[in-house]
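Here the structure is laid out as structure tokens; the discussion comes afterwards.
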Amino acid sequence: MSAESPTVRGLGEAEDIRSVPATITIGEAGGHPGKTVRIQGWLYNLRKSGKIVFPIVRDGTGLMQCVAVKSNLPEPVFDSLKSLTQESSLVVTGAIRAEPRAPGGYELDVSDVQIIQRVSEDHPYPITPKEHGVEFLMDHRHLWLRSRRQHAAIRVRHEVIKSIRDYFDSHGFTLVDTPIFTPAACEGTTTLFEIDYFGDKKVYLTQSGQLYNEANAMAFGKVYCFGPTFRAERSKTRRHLTEFWMVEPEMAFADLEEVKRVAEELIVYIVGRVLEQRSEELKTLERDVSKLEAVRAPFPRMSYDDAVKILQSKGSEIQWGGDFGNADETLLTEDFDRPVMVDRYPASIKAFYFQLDEQRPELALGVDIIAPEGYGEIVGGGQRIHDLAMLEKRLTEHNLPREAFEWYLDVRRFGTVPHGGFGMGVERFVAWMCGLEHVRETIPYPRMLYRTRP
RNA sequence: UCCUCAGUAGCUCAACGGUAGAGCAUUCGGCUGUUAACCGAAGGGUUGUAGGUUCGAAUCCUACCUGAGGAGCCA
């Protein structure tokens with residue numbers, strides 16, 4: 001771009017950015033009151049009033065209201081700022097000053113400006129400070145991420161993921177990731193994305209790392225895998241993505257009660273970390289944090305049997321043997337201020353690998369954890385079958401091809417032990433933390449039934 | 001896959017059978033403390049597509065396309 005004024009420089013001179021005075025992030029501004037610093041970022045918004053302008057700059061760590069007064073600045077500097085367009089990139093030099101009127105509590109008195117790129121007024125930044133519809137925003141997802149609420153949600157996501165890793169890493173679990181290309185269905189029931197693998201065979205995108213996790217638990221004791229998961233279900237609701245992230249721990253020598261204990265402890269830990277580390281973001285999202293502060297152990301626990309009775313007493317049409325719909329899940333959690341654990345489901349509605357209850361073999365030792373406020377099932381897991389003959393029987397009952405599961409049967413042939421684990425969906429968890437209407441805002445680039453761009 | 005709703009200016013919406021409008025964004029002008037700043041002016045439209053009804057269709061009908069919400073299924 002051309003040099004419109006002595007202070008407007010091209011990218012070729014960007015090394016100047018790192019010279020004195022010190023370059024800081026907006027998040028660090030509180031540590032530099034009275035100092036002259038440089039901040040580098042993008043023009044978030046600009047208000048002007050004749051001979052004074054208020055550029056608001058964002059740099060990914062926060063927003064900084066700057067003040068440029070015409071009488072204190074060389075004319076080209078003031079003029080370049082006065083007409084600057086939204087999301088233009090720039091470096092601002094000035095003194096930090098505590099200012100209660102400014103968002104964030106600090107303000108920067110501008111002494112110099114370098115514009116790195118001025119967004120053209122012929123093709124202005126499409127996302128204005130006004131309202132926009134979902135379709136428009138999703139089409140501009142790559143730019144929408146710059147907006148405050150989206151930025152906050154992704155930072156909460158980061159905290160949730162970091163908390164999950166910290167929890168497992170400090171509780172004796174080893175990260176053992178499982179493949180994304182898999183040869184067959186893990187559970188047989190749900191639909192899988194089919195991939196043409198070099199033309200000579202089909203592979204599928206994983207829907208769960210669980211079967212591999214079970215083998216890994218026999219090698220490492222306690223393991224977890226954490227990665228993207230794919231479901232080719234034609235679900236079109238605010239709770240569904242076709243590509244989502246799931247953490248799946250698996251533990252040798254663990255029964256259903258241990259699985260429930262770990263899941264509860266993990267959830268309480270994550271919620272605590274989000275409250276502690278991301279209070280600013282929760283404020284931006286206007287989240288009612290009292291709803292999250294209530295999330296403490298113990299969680300209410302009920303059997304499937306009792307859950308069905310409660311639902312029937314609340315007017316649900318559900319019959320014993322059926323699975324819960326979304327309305328049922330909301331009914332079940334409405335009287336509680338924390339997640340609800342439901343265990344011992346009919347084996348007929350659960351996957352083949354669940355251990356059966358010894359007293360009542362029609363029940364599977366599985367547990368689902370349903371988040372409050374209508375966010376639905378965030379955890380599903382349980383105890384797995386460890387007996388070889390039983391697992392073979394269940395494979396047959398489910399009409400699953402035995403050859404594909406030979407390696408999985410080996411887990412029971414060579415030193416089998418009771419074991420269990422669960423899967424937790426990151427996006428639903430983040431949506432719950434943030435109080436968002438839809439999981440599409442909890443992942444940078446959501447993949448949904450009718451949307452795979454940008 | 002099924003059900004419901006919606007497509008009008010760059011964006012958010014109004015007009016609901018009779019000459020297509022507002023706010024924001026953009027451009028120009030004004031304003032030294034603004035908080036989605038404000039005030040004045042200008043430019044900006046084959047009303048999602050294709051048919052049909054009508055003297056006349058953004059408006060009514062049919063099909064299709066695109067999107068949203070929900071059901072089933074699931075994290």
Side-chain angles (χ1 to χ4, degrees), chain A residues 44-56 63 65-73 78 82-83 85-87 97 99-104 107 109 119-140 143-144 147-148 186-187 189-192 207-210 228-248 263 322-329 349-351 368-371 375-381 422-432 437-440 442-443 448-451 453:
Chain A
Y44 186 78
N45 196 8
L46 180 77
R47 286 187 290 270
K48 53 187 172 185
S49 177
K51 297 181 178 61
I52 182 168
V53 300
F54 299 90
I56 297 179
L63 295 178
Q65 174 163 291
C66 304
V67 188
V69 178
K70 183 168 184 165
S71 56
N72 298 345
L73 288 170
F78 184 79
K82 190 179 76 177
S83 65
T85 42
Q86 195 189 354
E87 287 301 318
R97 176 170 45 77
E99 171 54 72
R101 284 174 291 187
E107 201 167 67
D109 287 313
V119 173
S120 166
E121 50 280 291
D122 296 332
H123 192 164
Y125 187 70
I127 302 178
T128 67
K130 282 279 182 177
E131 291 166 26
H132 300 281
V134 170
E135 183 182 5
F136 179 80
L137 289 169
M138 288 305 306
D139 284 344
H140 294 85
L143 302 177
W144 192 22
S147 303
R148 289 182 70 184
C186 290
E187 307 184 12
T189 52
T190 43
T191 342
L192 295 166
Q207 61 180 349
S208 166
Q210 194 222 301
T229 299
F230 307 87
R231 301 277 166 93
E233 293 152 5
R234 303 185 84 83
S235 300
K236 188 168 162 40
T237 81
R238 67 185 69 193
R239 301 177 309 282
H240 286 90
L241 300 169
T242 52
E243 174 185 319
F244 65 99
W245 283 64
M246 185 159 72
V247 61
E248 295 176 275
D323 213 344
F324 306 135
N326 187 247
D328 291 325
E329 288 181 348
I349 57 169
K350 287 288 173 184
D368 285 353
I369 303 181
I370 307 164
Y375 284 97
E377 187 186 337
I378 49 169
V379 164
F422 61 89
M424 187 174 83
V426 167
E427 287 74 19
R428 283 190 188 174
F429 202 102
V430 175
W432 171 39
E437 281 291 300
H438 200 300
V439 291
R440 65 183 160 223
T442 66
I443 186 167
M448 294 174 290
L449 180 53
Y450 294 121
R451 185 176 287 280
R453 273 188 261 194

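In what follows, chains carry the letters A, B, and so on, assigned in the order in which the sequence lines appear, proteins first and then strands, with residues in each chain numbered from 1.
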Between [N] and [M], how far is it from one [atom1] atom to the other, in whole Å?
| N | M | atom1 | value |
| --- | --- | --- | --- |
| B:rU19 | B:rG56 | C1' | 12 Å |
| B:rG72 | B:rC3 | P | 16 Å |
| B:rA63 | B:rC24 | P | 41 Å |
| B:rU26 | B:rU46 | C1' | 24 Å |
| B:rA22 | B:rC65 | P | 36 Å |
| B:rA25 | B:rA36 | P | 13 Å |
| B:rG7 | B:rA14 | P | 7 Å |
| B:rA42 | B:rU54 | C1' | 38 Å |

Rounded to the nearest angstrom, tell me the gap between atom [atom1] in [X] and atom [atom2] in [N].
| X | N | atom1 | atom2 | value |
| --- | --- | --- | --- | --- |
| A:K51 | B:rG29 | NZ | C1' | 13 Å |
| A:L143 | B:rG10 | CG | C1' | 14 Å |
| A:F244 | B:rC73 | CZ | P | 16 Å |
| A:M246 | B:rC74 | CE | P | 13 Å |
| A:D122 | B:rG43 | CG | C1' | 13 Å |
| A:N45 | B:rC38 | CG | C1' | 14 Å |
| A:F54 | B:rU32 | CZ | C1' | 8 Å |
| A:I127 | B:rU26 | CD1 | C1' | 17 Å |

Checking base pairs now: Watson-Crick or wobble, both atom distances under 3.5 Å. What partners [N]?
| N | result |
| --- | --- |
| B:rC73 | none |
| B:rG40 | B:rC28 |
| B:rU66 | B:rA6 |
| B:rG23 | B:rC11 |
| B:rC16 | none |
| B:rG45 | none |

Please work out if [X] contacts a base, only the sugar-phosphate, or nothing of the nucleic acid, heavy-atom cut-off 4.0 Å.
| X | value |
| --- | --- |
| A:D368 | nothing |
| A:Q65 | base |
| A:E243 | nothing |
| A:E377 | sugar-phosphate |
| A:G423 | nothing |
| A:L241 | base |
| A:V379 | sugar-phosphate |

Can any side-chain N or O of [X] pair as donor or acceptor with the backbone N or O of [Y] at less than 3.5 Å?
| X | Y | result |
| --- | --- | --- |
| A:R428 | A:E377 | yes |
| A:E99 | A:R101 | yes |
| A:Q207 | A:R231 | no |
| A:T85 | A:V119 | yes |

Worksheet item: Mapping A:E99 and A:F136 onto RNA chain B by nearest heavy atom, which one lands closer to the 5' end?
Response: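 Its nearest nucleotide lies further toward 5', so the answer is A:F136.
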Answer with yes or no whether the side chains of [Y] and [X] bring together a donor and an acceptor at under 3.5 Å.
| X | Y | answer |
| --- | --- | --- |
| A:H438 | A:T442 | no |
| A:Q86 | A:T128 | no |
| A:E107 | A:Q65 | yes |
| A:S120 | A:H123 | no |

Worksheet item: Can you name the nearest heavy-atom pair linking A:H240 to A:V439, along with the distance?
Response: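 For A:H240 versus A:V439, the nearest heavy atoms are N-CG2, 3.8 Å.
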Discussion item. Run the salt bridge (charged side-chain N to carboxylate O under 4.0 Å, His left out) test on A:K350 and A:D323 for me, step by step, so that the C-alpha distance in whole Å, both residues' side-chain angles and the decisive distance to 0.1 Å come before the verdict.
Written reply: CA-CA 9 Å; A:K350 287 288 173 184; A:D323 213 344; 5.7 Å; no
Worksheet item: Can you name the side chain to side chain contact (heavy atoms under 4.5 Å, CB included) partners of A:D109, sequence neighbours left out?
Response: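 Result, side chain to side chain contact (heavy atoms under 4.5 Å, CB included) vs A:D109: A:V67, A:R97.
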Counting side-chain heavy atoms from C-beta on, which of [options] comes nearest to [X]?
| X | options | answer |
| --- | --- | --- |
| A:S49 | B:rU32, B:rC74, B:rU26 | B:rU32 |
| A:T85 | B:rA75, B:rU27, B:rA36 | B:rU27 |
| A:R101 | B:rU26, B:rU32, B:rU34 | B:rU34 |

Discussion item. Should the side chain of A:S71 and the base of B:rU32 be counted as holding a donor-acceptor pair, with the cut-off at 3.5 Å?
Written reply: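 Yes, a donor-acceptor pair under 3.5 Å.
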Distances under 3.5 Å between protein N/O atoms and the N/O atoms of nucleotides 6-9 of chain B, please, pair by pair.
none

Practice prompt. Take atom CD of A:E131 as the centre, draw a 6.0 Å sphere, and report whether it contains more than 12 heavy atoms from other residues, nucleotides or ligands.
Written response: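 Not buried by this count: 12 neighbours or fewer within 6.0 Å.
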Please tabulate the protein-to-nucleotide N/O contacts below 3.5 Å involving nucleotides 68-72 of chain B, giving atom names and distances.
from   : atom 1 : to     : atom 2 : distance (Å)
B:rA68 : OP2    : A:K236 : NZ     : 3.4
B:rG69 : OP1    : A:H438 : NE2    : 3.4
B:rG69 : OP1    : A:R440 : NH1    : 2.8
B:rG69 : OP1    : A:R440 : NH2    : 3.2
B:rG69 : O3'    : A:R238 : NH2    : 3.0
B:rG70 : OP1    : A:R238 : NE     : 2.1
B:rG70 : OP1    : A:R238 : NH2    : 2.8
B:rG70 : OP2    : A:R238 : N      : 2.8
B:rG70 : N7     : A:K236 : O      : 3.0
B:rA71 : N6     : A:R234 : O      : 3.4
B:rG72 : O6     : A:S235 : OG     : 3.3
B:rG72 : N1     : A:R234 : O      : 3.2

